[in-house]
Amino acid sequence: MVSSFGAGDLEPARLRAAGARLLRDFLAYAASGGDELQLTPGRDDARLPDAVERALAARLRADGLPVAVRYGVSGRIDLAVAHPHEPGRLVLAVETDGPDYRDGGPTRDRDRLRPEQLDRLGWTHLRVWTADWADDPDGVAARVRAAWERAVAEADADDAAEAAAAAAVLNPPQRVDDPREPALGDEPATNGSARGLRPRVPAGRPITGYTPRQLAELVRWIESDTLLRTQDELVRAAMAELGFRRRGPRIDAALKAAVVDARTGARAGAGAVS
């Protein structure tokens with residue numbers, strides 16, 4: 001963003017048009033490097049368009065949860081709950097069925113694609129229904145707290161896994177290969193539901209710690225039980241073998257490429273045999 005003036009040059013009291021106020025907000029957002037919209041808990045609750053959202057935010061804060069409202073720039077999250085020891089790290093997205101949900105497009109986008117996308121970005125997503133809040137606010141608050149505690153535990157586990165993977169890359173264990181153990185790519189072919197020996201592709205590394213050949217060998221081994229799987233099912237199976245809990249864009253791209261490589265190689269091998 002290049003501008004000859006900043007947000008501080010625009011006096012909020014003199015900005016009567018919505019566009020001018022949005023311009024000031026955007027200048028502040030750009031100047032802060034994206035931090036300006038990470039709202040401080042308790043600030044700007046008036047921006048919540050629904051009374052249930054305001055009541056829920058107040059209840060969660062009273063229960064000790066660090067809550068920010070209307071988080072984000074596009075497709076804002078109603079209530080974002082932070083990690084207890086890292087205030088700038090938001091781990092739980094709590095959304096209601098208020099006006100934003102009503103105006104959020106097709107049901108498929110609101111109820112399936114949006115939660116899936118938030119999950120890929122590292123969030124835990126929780127939907128709170130107005131009817132549930134009206135019937136049992138204590139139960140809803142308890143459910144949000146439980147989801148928050150799970151999200152914090154998952155975030156901490158991801159941090160520990162990343163640290164362990166980084167340490168493993170920097171200090172790989174010394175290993176003497178057993179001559180009786182087949183080398184990578186030498187696993188015997190199998191029929192039926194039995195698989196051969198698993199390729200020596202260790203779990204726990206970041207996705208950049210694997211070569212395309214290693215990933216393709218792992219996918220080929222997964223398919224050696226002859227069960228029919230879609231590409232998405234193969235990607236999820238490979239993630240489980242490698243210890244990935246969240247499907248980020250780099251993981252998704254690398255494993256999809258591995259599926260293509262594995263299947264292309266298998267067809268080429270079959271053609272050579274025939």
Side-chain angles (χ1 to χ4, degrees), residues 34-105 107-164 236 239-240 243-248 251:
D35 293 333
E36 178 66 22
L37 286 177
Q38 295 181 7
L39 304 179
T40 303
R43 192 180 94 183
D44 289 344
D45 281 16
R47 297 170 59 166
L48 289 169
D50 186 70
V52 170
E53 295 170 2
R54 292 193 292 272
L56 180 58
R59 172 59 187 269
L60 296 179
R61 291 200 190 98
D63 289 345
L65 275 64
V67 178
V69 303
R70 307 297 289 161
Y71 178 83
V73 180
S74 176
R76 292 181 178 178
I77 295 169
D78 297 335
L79 305 176
V81 192
H83 191 287
H85 308 305
E86 301 177 57
R89 183 179 186 183
L90 287 305
V91 295
L92 176 65
V94 181
E95 299 191 309
T96 71
D97 55 351
D100 287 347
Y101 178 80
R102 179 197 62 208
D103 300 332
T107 301
R108 173 174 173 268
D109 293 349
R110 297 179 302 184
D111 293 341
R112 185 168 70 83
L113 298 183
R114 181 172 173 82
E116 287 180 357
Q117 178 63 15
L118 287 170
D119 181 74
R120 292 190 189 99
L121 295 173
W123 293 78
T124 294
H125 180 271
L126 180 67
R127 176 73 64 191
V128 172
W129 303 103
T130 298
D132 292 340
W133 173 258
D135 182 61
D136 184 14
D138 290 339
V140 169
R143 187 159 62 93
V144 174
R145 172 173 281 278
W148 174 62
E149 291 173 350
R150 287 195 303 271
V152 171
E154 289 179 2
D156 290 343
D158 288 346
D159 288 347
E162 288 182 7
R236 291 184 181 277
M239 286 177 58
F244 292 121
R245 302 180 62 182
R246 296 187 182 277
R247 186 169 172 175
I251 294 172

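Values below: all heavy atoms of this structure, side chains included; hydrogens, waters and symmetry mates excluded.
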Is there side-chain contact between D109 and Q117, with at least one heavy-atom pair below 4.5 Å?
->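 Counting from C-beta outward, D109 and Q117 never come under 4.5 Å.
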Are any of the side-chain heavy atoms of V52 and W129 separated by less than 4.5 Å?
->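 When only atoms from C-beta onward are counted, W129 and V52 do not touch, as no gap falls below 4.5 Å.
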Looking only at heavy atoms, what is the nearest atom pair of [X] and [Y], with distance?
X: H83; Y: A155; answer: CD2-CB, 4.4 Å
X: T124; Y: A147; answer: CG2-O, 4.5 Å
X: A151; Y: L92; answer: CB-CB, 4.5 Å
X: R114; Y: R110; answer: CB-O, 3.9 Å
X: A93; Y: I77; answer: CB-CG2, 3.7 Å

Just how far is it from atom [atom1] of [X] to atom [atom2] of [Y], taken to the nearest 0.5 Å?
X: D78; Y: D97; atom1: CG; atom2: CG; answer: 9.5 Å
X: L113; Y: R108; atom1: CG; atom2: CZ; answer: 4.5 Å
X: E116; Y: D111; atom1: CD; atom2: CG; answer: 11.0 Å

Under-4.0 Å salt bridge between D119 and R246 |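 Salt bridge present between D119 and R246.
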Begin from the C-alpha positions of R59 and D138 and carry the test side-chain contact (heavy atoms from CB on, under 4.5 Å) through to its verdict.
-> CA-CA 9 Å; R59 172 59 187 269; D138 290 339; 2.8 Å; yes
Just jot down the side chain to side chain contact (heavy atoms under 4.5 Å, CB included) partners of R145, sequence neighbours excluded, or say none.
->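 With neighbours one apart ignored, the set is D63, L65, W148, E149.
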Partner of L126 under side chain to side chain contact (heavy atoms under 4.5 Å, CB included), chosen from V144, T96, V81 |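 For L126, the side chain to side chain contact (heavy atoms under 4.5 Å, CB included) test succeeds with only one of V144, T96, V81, which is V144.
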Sequence neighbours excluded, which residues qualify as side chain to side chain donor-acceptor pair (under 3.5 Å) partners of R247?
->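 For R247, the residues satisfying side chain to side chain donor-acceptor pair (under 3.5 Å) (neighbours in sequence not counted) are D232, D252.
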Among residues two or more places apart or on two chains, list those pairs meeting salt bridge (charged side-chain N to carboxylate O under 4.0 Å, His left out) that have a residue in residues 127-136.
->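 Salt bridge (charged side-chain N to carboxylate O under 4.0 Å, His left out) check on residues 127-136 returns E95-R127.
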